Each structure stands twice: as C-alpha cells, then as structure tokens.
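We're numbering straight along the sequence, starting at 1. Keep in mind the model is a prediction, meaning the values are calculated, not measured.
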Amino acid sequence: MAYLADYQTEPRFRAAVRKTERLTPMDTDEVREIQLEVLEPGFDCAVDQSFGVLLDHKDEFGNTHHHRLYSVADLPKRENGHTLLTMLVKRCAYVDEVNGERYKGVASNYLCDRKAGDEITITGPFGLPFSVPEDKTANLILIGMGTGIAPFRAFVKHIFTEEKDWKGKIRLFYGARSGLELLYLNDKDGDLMNYYDEDTFRAFRALSPRPKWLDPIELDKAIEDRASELLEMLNQVNTYIYVAGYAKVKDNLDKAFAKVLGSKEKWAQRKAELIAGGKWAEVIY
C-alpha cells in the first residue's frame, strides 16, 4: 500500500483555474468540478493516473506543505501546448475524535474557494491502480461512491471514444445520498448517460432511502439486485473489479458479493483470486 508521504512533491507545475462550477444544489454537500490549465510544458496525464495539489500549510507535526492526490474526472486534453485537467472536489470537514472540534479539510476548502484565473501548484502525474485491460472482451465492475465517480467517468469515456469496439460487459455502480447528489448520471451534467446506447455498458444508481436522516446508501442492495448477472461475470476469468470511494463501503461490498456468490468463503476465495491476478484494485479515502 502506498501512503501519501511516499509520493514525490517534485517536480512542481503551475496551473491556472480555467473554470469552477458547483455541481450539487445549495442544500446538499458542495461538490465542484474544476478545470485546470497547466501553464508549463512537460506535464502529461492519462486516465489511469492522478495528480497532486500542493499548498503551503503548517500543521502541528511541523509540516509546511499539504499534499493531496486527485483523479482526473474527464479525458485530459491538450490545447495550445497546455494540458487541461478536470477534477472533482467535495468541500470537506471532519470532527477530531479527541477534542470534538470541527476542522475544515485543508485541500478541499482551498480548492473550492479558488476562482477562475487563480493559480495553484500541482505535482505528478502518479499512477492509479486502475488500468484499461488490453483484452477488449474483459468485464469491468466499477464501483464509485461520491467523488469516487471521477476516475470511472474518465475511464468509461476513454473506452468508448478511444478504445472502441469493446466486447466485454461494463457495469458501473454509483452511490450518492440522493438523486440531487448524483454526478454525471443526472439531467444536468449526465454525460455518462450518453453511453447508455452502448450494448456493453450499464449504470446503476444506489441512493439512501432517507438521505435527510443520513441512512446508509444502499449500494449493497443495488449489487444484490443484479446478483445473477454479476455471478455470471464473476465466474469468468477475465472480470475486473475496481472500487473508488469511502472506506466504510468496503464491509458492505464484501457482504453483498458474499450473497452473490452464496457464502463468505466463496467470496473470500474469489476476491483473493482477483487480487492475485491483478484484477481487483481500489482507491479508498
């Protein structure tokens, strides 16, 4: 497992905010889509890579910089020799378990406060564990929670615009508290719906039954509802599972896939096979 401290903060590149747009309604958690223009040459980023945002910040441990990694949320582009990157950022806060104080997330609040024309410092690019299989008959089960949809949006667009002729099944499961917080699968910014015509692509939404009461998102139910198809996919050797999102989703995923396969033991064995074969990858935060 790689830790954030393992990632180099050199070289560094200047990037300007091209545009920033709030994607979620005002009465929900703030999630912004931010497009960056890298102002210096020598920076390229692909859909299976991430990049870092570096800012000055002193903490109680003596660190003078704060470094945070982000996946690309769209296909990186080149314009006038400059790389354009799109990212998703949720304005975050956390409560200290010791003193009960509420603190703002350093990078997320910094980025959400940036305006068009502001410059930031980025690093990378860095590899992601997700990669497009060379085998176009491979099956992909993609599971994203919240801003975890970012790498899979770029992933799906890459497959259907650049790889083409994809034969395997692609099943995207995306969880959000309510339909208002779904990103790229709604009427406003739902460009993932453009691929519903593809024979191999299906997307399934998982929502909370009572979002105002903070009931859990029913991602496990969405998976169990497609048990027969997922069982067929998991019985094939060329099936991959990629997961991105909150750490708390992992237990529910294990329970759901155990039900799909019929027992905890069968799922533990199949998951071990996926991991050993490089067909299971996760980015958890």
Does a salt bridge link Arg91 with Asp29, judged by any charged N lying under 4.0 Å from a carboxylate O?
no
One thing to verify: whether Arg12 and Glu40 come together as a salt bridge, which I'm taking to mean a side-chain N less than 4.0 angstrom from a carboxylate O.
no
Between Asp254 and Lys264 (salt bridge meaning N to carboxylate O under 4.0 Å), is one present in this structure?
no
Return yes if some donor-acceptor pair links the side-chain N/O of Asp118 with the main-chain N/O of Arg114 below 3.5 Å, else return no.
no
For Ser50 against Cys45, the heavy-atom pair lying closest together:
O-SG, 4.2 Å
Rounded distance (nearest 0.5 Å) linking atom NZ of Lys90 with atom CG of Leu23:
13.5 Å
Indicate yes or no for a side-chain donor-acceptor contact from Asn139 to the backbone of Lys169 under 3.5 Å, with no hydrogens or angles considered.
yes
Give me the ring orientation class for His67 and Phe126: parallel if the planes are under 30° apart, tilted from 30 to 60°, perpendicular past 60°.
perpendicular
In terms of heavy-atom contacts, Gly168 and Thr200 come closest through O-CB, 3.0 Å
Quick one: does Arg32's side chain have a donor or acceptor within less than 3.5 Å of a partner on Ile34's backbone?
no
Donor-acceptor contact present, side-chain Thr20 to main-chain Lys115, <3.5 Å
no
State, to 0.1 Å, how close Ile120 and Tyr110 come at their nearest heavy-atom pair, and which atoms those are.
CG2-OH, 3.5 Å
Under a 4.0 Å N-O cut-off, is there an ion pair linking Glu37 with Arg14?
no
Heavy-atom closest pair (Leu36 atom, Met87 atom, distance to 0.1 Å) is CD1-SD, 3.8 Å
When you measure from the side chain of Asp135 to the backbone of Thr137, do you find a donor-acceptor pair of N or O atoms at a distance under 3.5 Å?
yes
Checking Arg270 side chain against Leu234 main chain: does a donor-acceptor pair fall under 3.5 Å?
yes
Rounded to the nearest 0.5 Å, what separation is found between the CG atom of Leu69 and the CG atom of Leu128?
8.5 Å
So, are Glu229 and Arg171 salt-bridged, with charged N and O less than 4.0 Å apart?
yes
For Leu75 versus Ala154, what's the shortest heavy-atom pair and its separation?
CD2-O, 3.5 Å
Ring-ring centroid check Phe152 Phe130, cutoff 6.0 Å:
yes
Donor-acceptor contact present, side-chain Lys136 to main-chain Glu163, <3.5 Å:
yes
Please say which of Phe173, Trp280, Phe155 ends up in a ring pair (Phe, Tyr, Trp, His ring centres under 6.0 Å) with Tyr242.
Phe155
Among Ile, Leu, Val, Met, Phe, Trp and Tyr joined by side-chain contacts under 4.5 Å, find the other residues sharing a cluster with Leu84 and list them by chain and number.
none
Within this structure, what is the CZ-OG1 distance for the pair Arg18 and Thr86, rounded to the nearest 0.5 Å?
10.0 Å
Does this structure show an ion pair linking Lys221 with Glu224, if we count only N-O contacts that are shorter than 4.0 Å?
no
Measure the spacing between CD1 of Ile223 and CG of Asn252 and express it to the nearest 0.5 Å.
9.0 Å
Just verifying a value: how many Å separate Leu55 CG and Arg68 CZ, rounded to the nearest 0.5 Å?
11.5 Å
Return yes when atom CD of Glu134 has more than 12 non-hydrogen atoms of other residues, nucleotides or ligands closer than 6.0 Å, and no otherwise.
no
Asp44 vs Arg78, salt bridge (Lys or Arg N to Asp or Glu O under 4.0 Å): CA-CA, chis, key distance, verdict:
CA-CA 9 Å; Asp44 290 299; Arg78 296 284 290 180; 3.4 Å; yes
